[in-house]
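The structure under discussion appears below in the form of structure tokens.
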Amino acid sequence: MAQEAHGAFYDLLAVRGVSRRDFLKYCSYVAATLGLSEAAAPQIAAALEKGSALKPALWLNGGSCTGCTESMAQVDSPDVATIVLELLSLNYFETIMAAAGEQAEKNIEDTIADGNFLLIYEGSVMTGEDGNTLLVNGHKGTEILAEAAAAAQAVISVGACAVDGGWVAAYPNPAGAVGVQAFLDKEKIATPVVNIPCCPMNPEWVVAMVVQWLLVADDDPALFLEKTALLTKSYTDGVYDAKVTLNYPEYVVESTIHDNCPRRGHFENGEFVSEFGTEEEAMGYCLYKVGCKGPQTYTQCPVTRWNRSVSWCVHSGAPCIGCGGLNWVDNNAPFFKRLSSMQFGSIGSAQPGSIAAVVGGVAAAALVAHGLGMKAAGRVGDGPPMEETTAYDRKHGAKKGGDK
Amino acid sequence: MANIVIDPVTRIEGHMRVECEVSGGVVKDAWVSGTLYRGMETVLLGRAPEDAFYVSQRICGVCPISHSHASSQATEAALGIKIPEGARLVRNILECAQYLHSHILWFYNLAALDYVSPINALKADIADTYALAQAAGTKPSDYGAVAKRLTAFAENGQLSILSGHYWDHPGYALPPELDLIATCHYLEALEMQAVANEVVAVIAGKFSHPMTSVPGGTAFVPTVDKLDDILFRLVRVKDFIDTALIPDTLAIAPFILDAATYGGGTGNFLSWGVFEKSDLVPENRYLPRGMSQGLKPEGVSPDDVTEYTNHSWYDSPTGLNPKEGETKVKFTEYNIDDKYSYGKAVRCKDLSTESGPLARMVVAYLAEKGGADIAGGADVRTPAKLIDSTLEALGVGGKPEILVSLLGRVAARNLEAAYVADLSLVFVSELIEALKGGDVQYWKAAEKDTGAGVGAWEAPRGSVAHWIGLDGGKIDHYQIVAPTTWDIAPRDDNGVRGPMEEALVGTPVEDAEKPLELLRIAHSFDP
Ligand code: SF4
Ligand code: SF4
């Protein structure tokens with residue numbers, strides 16, 4: 001029986017033009033992305049082979065710009081990645097599904113009624129105007145999310161907006177945007193949520209997460225949480241004013257951009273881009289002086305890179321604007337200025353164990369000292385001025401310079 | 001009178017509702033509603049202009065590049081910055097790549113499912129499919145393999161994104177062989193749109209949400225390696241457009257000729273102009289700035305814009321130019337006789353005005369017919385050449401008025417892709433020449449920090465303008481009129497319908513339970 005299912009799976013792959021060898025290679029790649037050893041590849045393959053029925057999934061868009069859907073469409077090696085994606089039956093996905101109107105709504109209702117599905121949520125949860133800032137056929141977006149999340153086995157919230165409201169939650173927006181976890185906490189819905197950061201999120205991280213789900217979840221959300229390497233981060237939500245603890249895949253957020261940045265050597269050598277569009281950029285000098293937030297942003301962008309590993313922000317000459325961090329707009333704007341205070345507080349203070357120490361304390365202190373030292377040595381003296389008062393300061397009570 | 005409601009309208013960016021009053025199988029009246037409010041303009045107040053560039057592009061993840069360019073231009077206008085020649089070329093290439101991505105994705109992955117049935121493709125005869133592809137001059141694929149893949153998919157019984165649609169609607173009129181060809185290209189298009197976006201990534205770090213085309217020019221500095229990465233991808237994408245997109249459009253058109261008889265809309269067209277020439281004069285762009293009423297050209301300026309709010313969920317003064325306008329949200333209830341949308345009713349010269357590829361191509365066509373050399377002598381397929389030869393091929397030569405229809409809107413988008421593909425290679429060779437000459441500049445700093453300006457530009461889906469006011473380096477005013485705002489506008493204070501509403505009126509609906517024609521019209525605007 002198992003043998004049969006196994007054979008059928010490889011027949012299906014053959015039909016899709018993927019050889020068994022390619023498939024196993026892909027499983028090793030996924031293992032590496034997940035931070036697992038090569039030895040996990042056969043386990044991943046076995047988990048994926050299992051499925052003859054596709055795992056049902058819903059992809060809901062809240063207050064989104066559809067950028068995460070677009071990002072998903074740029075995923076690497078589509079032939080093989082589609083295998084994973086085609087192991088899901090995306091019964092509802094507004095941006096690409098064929099059905100519309102009543103028929104589309106029926107797809108969602110049937111999936112919820114059947115249960116055992118995975119929910120992927122893109123965009124912020126819109127609570128403003130009593131939840132009427134997002135309406136689908138007269139239903140509030142918040143009600144749709146609550147109903148779907150309560151019935152789902154797990155939620156993957158993709159992109160900064162779904163994580164903590166993203167730019168939509170930036171000060172002083174009245175739209176009432178919150179992240180999925182904050183909303184579910186408030187509604188007392190205990191379905192586990194895993195967050196994929198960045199604006200938009202990196203599609204490779206989502207694919208790896210879906211594999212993780214198919215590999216270890218086995219229809220058991222508790223097992224999913226227990227066996228998935230997660231790091232937690234906490235912040236205080238701006239709408240409910242409540243502490244929210246988020247789960248991230250460890251492989252995505254375990255180190256800073258600065259830790260893995262190819263321009264890091266230039267940083268250490270004091271070789272900087274001080275003005276855009278210059279020779280220094282073409283030579284790959286460090287972008288710290290034009291505002292790079294790589295030192296305070298915890299994601300794997302330099303490792304995974306974007307658009308099938310073609311490039312990433314810093315590679316193309318742009319300073320990291322910290323879209324992978326919490327409260328990213330308020331914490332990191334003005335984007336082209338070095339901030340006088342590094343806003344680690346809301347991320348670091350509530351982190352468990354050593355990560356908290358590293359994020360909140362030691363690393364921040366070391367960086368500031370490092371920066372000051374370089375300034376003293378005249379190596380960062382001629383950059384653009386430091387910004388004294390940021391939107392973050394305004395929101396949280398001005399530290400310097402007073403409120404506007 | 002029966003009301004047909006489509007909510008959600010799927011395969012679009014954002015959230016939208018269409019409601020139509022139908023009698024005798026024809027739409028008598030229509031209401032189009034935007035059902036999401038996010039508050040972009042409020043977020044930008046008090047921030048620096050470069051923050052506006054990064055944040056405001058996030059209003060749309062499908063056309064963020066055009067928003068980032070409009071935002072940069074607004075700042076540059078406010079602060080009197082003239083971007084250097086190198087930056088102009090880099091930005092043009094970046095914008096081209098987004099157009100190519102967007103048009104390919106729209107035609108195959110979003111709109112085609114209204115015309116092409118992958119289910120019907122299962123019945124195709126493989127040998128006949130090869131013969132048909134050859135006759136149509138369209139790119140051959142491995143039809144046998146794709147047919148097998150489709151069969152496996154269908155037999156599994158879980159149709160995923162294809163489930164629950166109107167596949168049995170008689171509007172699916174293509175022969176199975178053409179359905180199979182188009183389905184193959186649906187899959188290849190997924191790949192090609194990503195290749196176009198790799199060009200975006202080389203220049204701007206990632207798609208969506210580009211990083212380098214900043215106020216003052218670009219942070220990106222091209223190198224020989226990077227130009228090589230750009231060029232070979234653009235050539236691949238252009239090849240797909242020439243060998244699949246254009247021949248497929250011509251092959252499908254004869255089966256949907258009735259779409260030339262409805263869906264035209266207001267017939268008022270606006271283009272702010274896109275793709276800069278060296279003089280940076282907006283009226284002189286490769287797709288020029290202009291308006292047209294009844295296919296008669298006229299000039300236009302961002303000062304001609306007004307936004308009405310009486311039918312929208314805003315508590316903001318009505319009838320203002322965005323220079324003075326504000327955006328204060330206030331939801332009441334959905335009521336088609338009163339307020340029913342988060343879209344404002346934006347008007348140009350007080351007319352209900354369509355924007356998008358059809359509008360741009362009409363404005364360019366009229367300019368060219370009026371003697372303008374819009375392509376500046378470049379060896380490209382210009383809008384007039386493309387439109388005239390297509391009309392000829394469809395047997396309606398010399399009748400450009402037929403463009404004002406559903407079919408015209410679909411075709412215009414694909415023809416524009418051909419022009420843009422040609423232009424992209426022109427810009428790359430100009431940049432190579434500039435690099436050879438040495439001394440190329442990519443960015444200029446501002447010399448002041450106070451002023452007001454507007455950046456009016458074109459996204460793939462339509463006209464986009466950002467109005468900025470800066471005081472001491474901080475934003476004290478920001479208003480955006482996004483592309484879709486034009487097309488999905490509700491009624492204005494005079495009760496005049498928005499362009500999509502107007503386009504829906506008069507449309508025959510064959511099956512009220514499965515209003516395929518209405519979806520086709522909504523999708524033709526690429527909202
Ligand atoms: S500051 Fe930014 S550009 Fe410089 S090394 Fe760190 S991450 Fe890279
Ligand atoms: S490098 Fe920085 S700005 Fe770019 S995607 Fe990663 S976190 Fe966001």
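Per chain, numbering begins at 1; letters A, B, ... match sequence-line order.
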* To do: Considering only heavy atoms and a distance below 4.5 Å, find which of A:P200, A:G138, A:G101, A:C65 pairs most often with chain B.
  => A:C65

* Asked: So what's closer than 4.5 Å to chain B heavy atoms on A:N61: side chain, backbone, both or neither?
  -> both

* By a 4.5 Å heavy-atom criterion (distance strictly below it), what part of A:T95 contacts chain B: side chain, backbone, both, or neither? -> both

* Examine whether an atom of A:E70 lies under 4.5 Å from a heavy atom of chain B, and if so say whether it belongs to the side chain, the backbone or both; otherwise answer neither. => side chain

* Asked: Checking heavy atoms, do the side chain of A:C301, its backbone, both or neither come under 4.5 Å from chain B?
  -> neither

* Tell me, for A:T69 versus chain B, whether the close heavy atoms (under 4.5 Å) come from the side chain, the backbone, both or neither. => neither

* To do: Answer yes or no on whether B:R17 is positioned over the face of B:Y334, meaning its NZ or CZ is under 6.0 Å from the six-membered ring centre and within 45° of the axis.
  => yes

* Contact class of B:I59 relative to chain A, heavy atoms under 4.5 angstrom -> backbone

* **Region of B:M40 that comes under 4.5 Å of a non-hydrogen atom in chain A** => both

* Say whether B:T223 and B:D225, considering side chains only, have a donor N or O and an acceptor N or O under 3.5 Å apart. => no

* Between B:W313 and B:Y37, is the ring centre distance below 6.0 Å? -> no

* Asked: Given that the side chain runs from C-beta out, which part of A:E105 has a heavy atom under 4.5 Å from chain B: side chain, backbone, both or neither?
  -> side chain

* Can you say whether A:A177 sits under 4.5 Å from chain B via the side chain, the backbone, both, or neither, judging by heavy atoms? -> neither

